[in-house]
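Structure, as structure tokens:
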Amino acid sequence: EVQLVESGGGLVQAGGSLRLSCAASGLTSDNYVIGWFRQAPGKRRVGVSCMHTSGNTTYYADSVKGRFTISRDNVKNTVYLQMNSLKLEDTAVYYCATQVGSYQGSYFCTYGLGFGSWGQGTQVTVSS
């Protein structure tokens with residue numbers, strides 16, 4: 001059973017930075033996509049960034065491009081989301097999730113299609 005545990009959320013002022021971590025266990029394959037998603041109050045959950053474990057394919061939502069960076073530490077089985085220049089609209093619960101197999105495209109990342117394992121989420125609050 002795949003288990004994902006997010007950490008690193010918190011309260012930060014606009015313009016500040018946070019780094020989220022997603023520790024993964026129970027993965028039996030190295031062929032999967034890992035994604036970061038967020039859900040703001042009253043809004044649907046959307047994909048922020050996805051990356052295939054090969055490192056060859058990385059996707060960022062337009063709203064975070066140039067500010068967020070997804071990366072992976074293979075030794076620690078941990079995926080990170082470095083978030084810089086945070087804005088008020090980045091406030092949300094952030095989740096990581098995995099999709100077994102090849103990267104399917106931005107549509108799948110945006111809507112979380114095919115992502116079968118999810119973490120419990122970590123709250124990010126950006127204040128003015």
Side-chain angles (χ1 to χ4, degrees):
E1 179 184 0
V2 176
Q3 291 191 327
L4 304 170
V5 179
E6 302 97 335
S7 61
L11 175 64
V12 62
Q13 284 193 324
S17 298
L18 280 175
R19 189 179 77 159
L20 305 183
S21 300
C22 173
S25 62
L27 290 161
T28 58
S29 166
D30 200 38
N31 179 28
Y32 62 92
V33 178
I34 191 154
W36 283 99
F37 302 81
R38 68 186 182 187
Q39 186 167 20
K43 296 188 177 181
R44 68 179 299 166
R45 185 176 59 198
V46 293
V48 172
S49 180
C50 291
M51 179 179 70
H52 189 265
T53 47
S54 66
N56 293 334
T57 304
T58 305
Y59 163 81
Y60 294 97
D62 287 343
S63 58
V64 306
K65 206 171 289 184
R67 300 188 298 121
F68 290 11
T69 303
I70 190 171
S71 62
R72 181 189 180 205
D73 184 325
N74 293 338
V75 174
K76 296 182 178 179
N77 271 342
T78 300
V79 175
Y80 303 98
L81 185 68
Q82 178 67 43
M83 306 187 296
N84 299 329
S85 303
L86 283 162
K87 304 176 180 180
L88 297 179
E89 53 264 40
D90 293 320
T91 295
V93 178
Y94 284 72
Y95 302 87
C96 64
T98 58
Q99 171 203 344
V100 176
S102 303
Y103 178 71
Q104 299 296 311
S106 60
Y107 184 84
F108 286 77
C109 180
T110 298
Y111 297 105
L113 301 177
F115 286 79
S117 298
W118 292 81
Q120 82 290 347
T122 185
Q123 176 71 47
V124 172
T125 303
V126 184
S127 65
S128 57

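Excluded from the calculations below are hydrogen atoms, water molecules and symmetry mates; all remaining heavy atoms, backbone and side chain alike, are included. All values reported here derive from a predicted model rather than from experimental measurement.
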Interatomic spacing from CD in Gln13 to CG in Leu88 - rounded to 0.5 Å
10.5 Å
d(Leu4 CG, Leu27 CG) to nearest 0.5 Å is 7.0 Å
Apply the test salt bridge (charged side-chain N to carboxylate O under 4.0 Å, His left out) to residues Asp90 and Lys87: give CA-CA distance (whole Å), side-chain angles for both, the deciding distance (0.1 Å), then the verdict.
CA-CA 5 Å; Asp90 293 320; Lys87 304 176 180 180; over 6 Å; no
Closest approach of Ala61 to Gly47 (non-hydrogen atoms, all atoms of both residues)
CB-O, 3.7 Å
Just wondering, are more than 12 heavy atoms of other shown residues or ligands nearer than 6.0 Å to NZ in Lys65?
yes
Does the separation of the ring centres of Phe68 and Trp36 fall below 6.0 angstrom?
no
Using 0.5 Å steps for rounding, measure from the CG atom of Leu11 to the OG atom of Ser127.
4.5 Å
Heavy-atom closest pair, residues Val124 and Leu20
CG2-CD2, 4.0 Å
Cluster link Met51 to Met83, ILVMFWY, side chain under 4.5 Å:
yes
Taking Thr122 for its side chain and Tyr94 for its backbone only, find out whether a donor-acceptor pair lies under 3.5 Å.
no
Taking the side chain as C-beta and beyond, is there a heavy-atom pair between Arg38 and Leu81 under 4.5 Å?
no
Are Phe108 and Tyr111 joined in one hydrophobic group, where the rule is that I, L, V, M, F, W and Y side chains link up if heavy atoms are under 4.5 Å apart?
yes
Stepwise, does the side chain to side chain contact (heavy atoms under 4.5 Å, CB included) test hold for Val79 with Cys96?
CA-CA 9 Å; Val79 175; Cys96 64; over 6 Å; no
Count the heavy atoms belonging to other residues, nucleotides or ligands that lie under 6.0 Å from CD of Glu89, then report whether that count exceeds 12.
yes
Ignoring hydrogens, what is the shortest heavy-atom contact between Val93 and Gln123? Give both atom names and the distance.
CG2-OE1, 3.2 Å
Closest non-hydrogen contact found for Ser85 with Ser17 is N-OG, 4.3 Å
Using 30° and 60° as the class limits, which term best fits the ring planes of Phe37 and Phe115: parallel, tilted or perpendicular?
perpendicular
Would you find a donor on one side and an acceptor on the other, under 3.5 Å apart, between the side chain of Glu6 and the backbone of Gln120?
yes
Show the nearest heavy-atom pair for residues Val12 and Leu18, with the distance to one decimal.
CG1-CD1, 3.9 Å
Quiz question: by atom type and distance under 3.5 Å, do the side chains of Tyr103 and Ser54 form a donor-acceptor pair?
no
Rounding to 0.5 Å, atoms CZ (Arg19) and OG1 (Thr69) come to a distance of 11.5 Å
For the side chain of Ser49 and the backbone of Tyr59, is there at least one donor-acceptor N/O pair under 3.5 Å apart?
yes
Please say yes or no: joined through hydrophobic side-chain contacts below 4.5 Å, possibly via intermediate residues, are Tyr60 and Leu86 part of one cluster?
yes
Nearest heavy atoms of His52 and Val33, plus distance in Å:
CD2-CG2, 3.8 Å
Can a donor-acceptor pair be found, under 3.5 Å and without considering hydrogens, that links the side chain of Ser117 to the backbone of Thr98?
no
Say whether, by atom type as modelled, one donor and one acceptor occur between the side chain of Thr53 and the main chain of Tyr32 under 3.5 angstrom.
yes
